[in-house]
Amino acid sequence: MVCSHFILIFCLAALSAVETDGFSTVQRRTQHTSSTSLQLWPAVKEDTNTDSVEQVADENNQSTLLKKLFDTTGSSSLRSTSQTDALGQKTTTDTEESDESGIPPEVLKPFSLLILSQFILFLGVGAVIPAIPLYGQSIGLSSASNGIVISTPAVALLLVSRFAGVFADKGRKAAMMSGMFIIAIADTGTAFSNNLATLVVARLGLGLGRGIAEAGERGMLTDLANQTPKLRGRALAIQQASVGIGIAIGAPAGGYIVEEYGVRSSFLCVSAAAIAALGLYALLPETVGNSLTTVEASTTKVEEKSTENEADWMELLKTSQTWRSLTICQAGVSVGYACKIAIIPILASTYLGGATGAGFLLSAAGLSGLGGAVIGGTLSDQIGSRKAAALSGTISGIALASIPVGLSLQDRIGSDSFSFETVVGGPDATIFAGLVILWSVAVSAQGPALTSLGQLNAKKGAEATSLGLPRAAGDATYIAAPLILGAVSDRLGDIIPGAACAVAGFAIIIGSAALFTVEDGKE
């Protein structure tokens with residue numbers, strides 16, 4: 001029911017965006033005509049100006065009458081639209097109120113289309129999640145080979161991130177559409193791969209397409225958010241929630257598709273979703289430069305070369321404490337996600353009664369993350385993106401770091417003290433599940449805050465390039481983190497259950513602590 005309501009909201013938002021866009025055109029024309037009529041009074045006054053005292057008195061009387069007319073029509077503005085439009089007052093007031101209290105129509109329409117396309121895309125992505133480990137087994141790959149396949153897209157994302165950012169800064173739509181086209185081809189290639197070599201090539205293509213498309217998407221989100229700065233955090237939370245809901249719906253649907261039509265069919269679902277998203281992207285306007293005034297646009301052109309130099313990653317790291325902290329923090333976040341993929345499913349299977357219990361926990365964590373995204377967006381708007389990211393990141397790190405403590409409680413606390421024993425297996429399992437869900441909520445809250453902080457400090461004209469820096473750091477970390485956490489688990493897992501989770505938690509805490517060293521405001 002919640003998911004159907006969410007989809008209905010998407011459709012209504014898109015329709016309202018179209019309607020309000022058409023109304024805003026009429027509104028702008030009315031405002032232009034009204035403002036012209038308002039300019040006639042001072043013009044006549046200037047041309048007929050004399051030194052006559054009687055003339056001045058007449059003009060003062062006319063001004064008094066005009067002021068009364070304004071007051072009268074202003075008080076009845078809600079009852080008589082035609083009177084207030086004639087004086088040019090209601091149109092201006094409505095426009096100002098729209099800018100202060102809501103999303104302007106010229107932002108609402110592309111934002112709604114972007115959110116809808118993301119939702120559809122991640123329906124397909126969710127469908128392929130249950131199939132990834134099964135697909136490797138179906139073509140005879142070992143666990144080690146499966147690890148290579150899983151990490152291959154991250155390698156491509158890292159290698160293409162710099163180029164993708166520069167490309168997206170020249171045109172958001174070109175990057176988004178070309179990247180989505182590559183994704184569709186790559187997942188089709190994955191579906192028809194029959195050995196490790198062809199599978200690695202296809203997954204490299206997936207990483208290439210994702211890197212280019214996501215750079216354009218981050219840039220367009222930044223352009224739209226810059227036009228509604230007071231709603232930045234909540235807008236980013238809506239985008240993250242749409243992704244989460246898409247995966248939540250797509251994952252069980254993908255499991256059904258795999259059972260009915262085979263494991264390869266799930267990858268074709270991603271290709272179909274990518275093609276649908278590509279079609280929606282074609283309807284979006286190009287946002288590079290669209291939000292700039294004439295003066296800002298000319299300044300941007302003059303400073304284009306210096307902006308490119310400022311957006312150089314090494315230069316950002318040398319000169320900006322904010323970008324250094326963002327990079328460190330994103331690396332810590334990636335260690336947490338690596339723990340989710342490599343360690344938590346194994347622990348969940350052990351303590352929660354097998355694969356079914358593990359699947360239940362991951363589904364619960366994903367759904368709880370939707371609430372975390374809303375919390376993070378709201379906090380970002382209320383207390384600032386830096387504080388929101390640091391606070392939520394610290395909580396997520398503490399949650400993971402506490403897992404070994406929770407798993408050691410079986411011998412300390414009698415199971416009769418816990419009513420959840422029959423559901424999740426005992427006090428240690430109960431606390432383990434609770435800590436994983438807490439981590440999911442906190443890390444989901446941190447996402448919009450980190451993105452908002454990056455957008456606020458991105459170099460003008462090179463937003464996608466700037467935002468690609470922490471993403472590249474996260475991708476690089478994600479390549480090595482599963483191997484490190486796996487080694488820790490092999491060496492200490494029998495002695496300290498969940499030791500790898502503690503390592504991941506401390507990495508997150510260190511990354512979040514870096515944000516406390518940054519002062520509020522743009523650098």
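Ser193 places a side-chain N or O within 3.5 Å of a backbone atom of Gly189 that can act as its donor or acceptor partner. Between the side chain of Lys173 and the backbone N or O of Leu284 there is at least one donor-acceptor pair closer than 3.5 Å. Using modelled atom types, no side-chain atom of Ser380 and backbone atom of Gly376 make a donor-acceptor pair closer than 3.5 Å. In terms of modelled atom types and a separation under 3.5 Å, the side chain of Ser334 and the main chain of Gly474 share a donor-acceptor contact. Remark: side-chain polar atoms of Arg234 are not paired, donor with acceptor, to backbone N or O of Thr378 under 3.5 angstrom. A side-chain donor-acceptor contact under 3.5 Å links Ser444 to the backbone of Ser440. Using modelled atom types, no side-chain atom of Ser320 and backbone atom of Leu317 make a donor-acceptor pair closer than 3.5 Å. Between the Ser271 side chain and the Thr188 main chain, a donor and an acceptor come within less than 3.5 Å of each other. Arg210 places no side-chain N or O within 3.5 Å of a backbone atom of Pro153 that could act as its donor or acceptor partner. No side-chain donor-acceptor contact under 3.5 Å links Thr451 to the backbone of Pro448.
For the residue pair Ile343 and Cys501, the shortest heavy atom distance occurs at CG2-SG, 3.9 Å. In plain terms, the two heavy atoms of Thr228 and Val107 that are nearest each other are CG2-CG1, 4.3 Å. Heavy-atom minimum distance, Ile509 versus Thr394: CG1-O, 4.3 Å. Shortest non-hydrogen contact noted between Asp169 and Ala464 is OD1-N, 2.8 Å. Contact between Ser512 and Gln446 at its shortest, heavy atoms only, is OG-NE2, 3.6 Å. Between Gly393 and Ser396, the shortest heavy-atom distance links the atoms O-OG, 2.7 Å.
Between atom SG of residue Cys329 and atom CZ of residue Phe516 there is a gap of 10.0 Å, rounded to the nearest 0.5 Å. How far CD1 of Ile328 is from OG1 of Thr477: 10.5 Å, rounded to the nearest 0.5 Å. The distance from atom CG of Leu400 to atom CD1 of Ile344, rounded to the nearest 0.5 Å, is 5.5 Å. Rounded to the nearest 0.5 angstrom, Thr322 OG1 and Arg324 CZ are separated by 8.5 Å. In this structure, CD1 in Ile508 is found 7.5 Å from SG in Cys339, a value given to the nearest 0.5 Å. Annotation: the span from Arg232 atom CZ to Leu221 atom CG amounts to 10.5 Å, rounded to 0.5 Å.
Contact annotation: the side chain of Ser117 never approaches that of Met180 to less than 4.5 Å [non-hydrogen atoms, C-beta and beyond]. Side chains of Val128 and Thr190 form no contact here, defined as non-hydrogen atoms less than 4.5 Å apart. Annotation: side chain of Val160 is in contact with side chain of Ile212 (closest heavy-atom distance under 4.5 Å). Between Glu214 and Arg471 the shortest side-chain heavy-atom distance falls below 4.5 Å. With a 4.5 Å cut-off on side-chain heavy atoms, Leu450 and Pro470 do not count as touching. Contact annotation: the side chain of Ile395 never approaches that of Ile398 to less than 4.5 Å [non-hydrogen atoms, C-beta and beyond]. Annotation: side chain of Asp187 is in contact with side chain of Arg203 (closest heavy-atom distance under 4.5 Å). Put simply, the side chain of Pro110 does not reach to within 4.5 Å of the side chain of Thr287, judged on heavy atoms.
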**Message:** I'd like to know whether Leu158 forms a side chain to side chain contact (heavy atoms under 4.5 Å, CB included) with Tyr478, so could you lay out the CA-CA distance, the side-chain angles of the two residues, the decisive distance to 0.1 Å, and finally the verdict.
**Reply:** CA-CA 10 Å; Leu158 175 62; Tyr478 193 82; over 6 Å; no
**Prompt:** Passes side chain to side chain contact (heavy atoms under 4.5 Å, CB included), Leu113 versus Tyr281? Steps please.
**Reply:** CA-CA 8 Å; Leu113 286 175; Tyr281 284 168; over 6 Å; no
**Request:** Could you go through the side chain to side chain contact (heavy atoms under 4.5 Å, CB included) check for Leu515 and Leu453 one step at a time?
**Result:** CA-CA 10 Å; Leu515 294 175; Leu453 183 60; 4.0 Å; yes
**Item:** Intermediate values then yes/no, side chain to side chain contact (heavy atoms under 4.5 Å, CB included), Ser392 and Leu379
**Value:** CA-CA 10 Å; Ser392 56; Leu379 279 177; 6.0 Å; no
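Using cut-offs of 30° and 60° on the angle between ring planes, the pair Tyr351 and Phe432 is tilted.
Ser325 and Gln321 share a side-chain donor-acceptor pair at under 3.5 Å.
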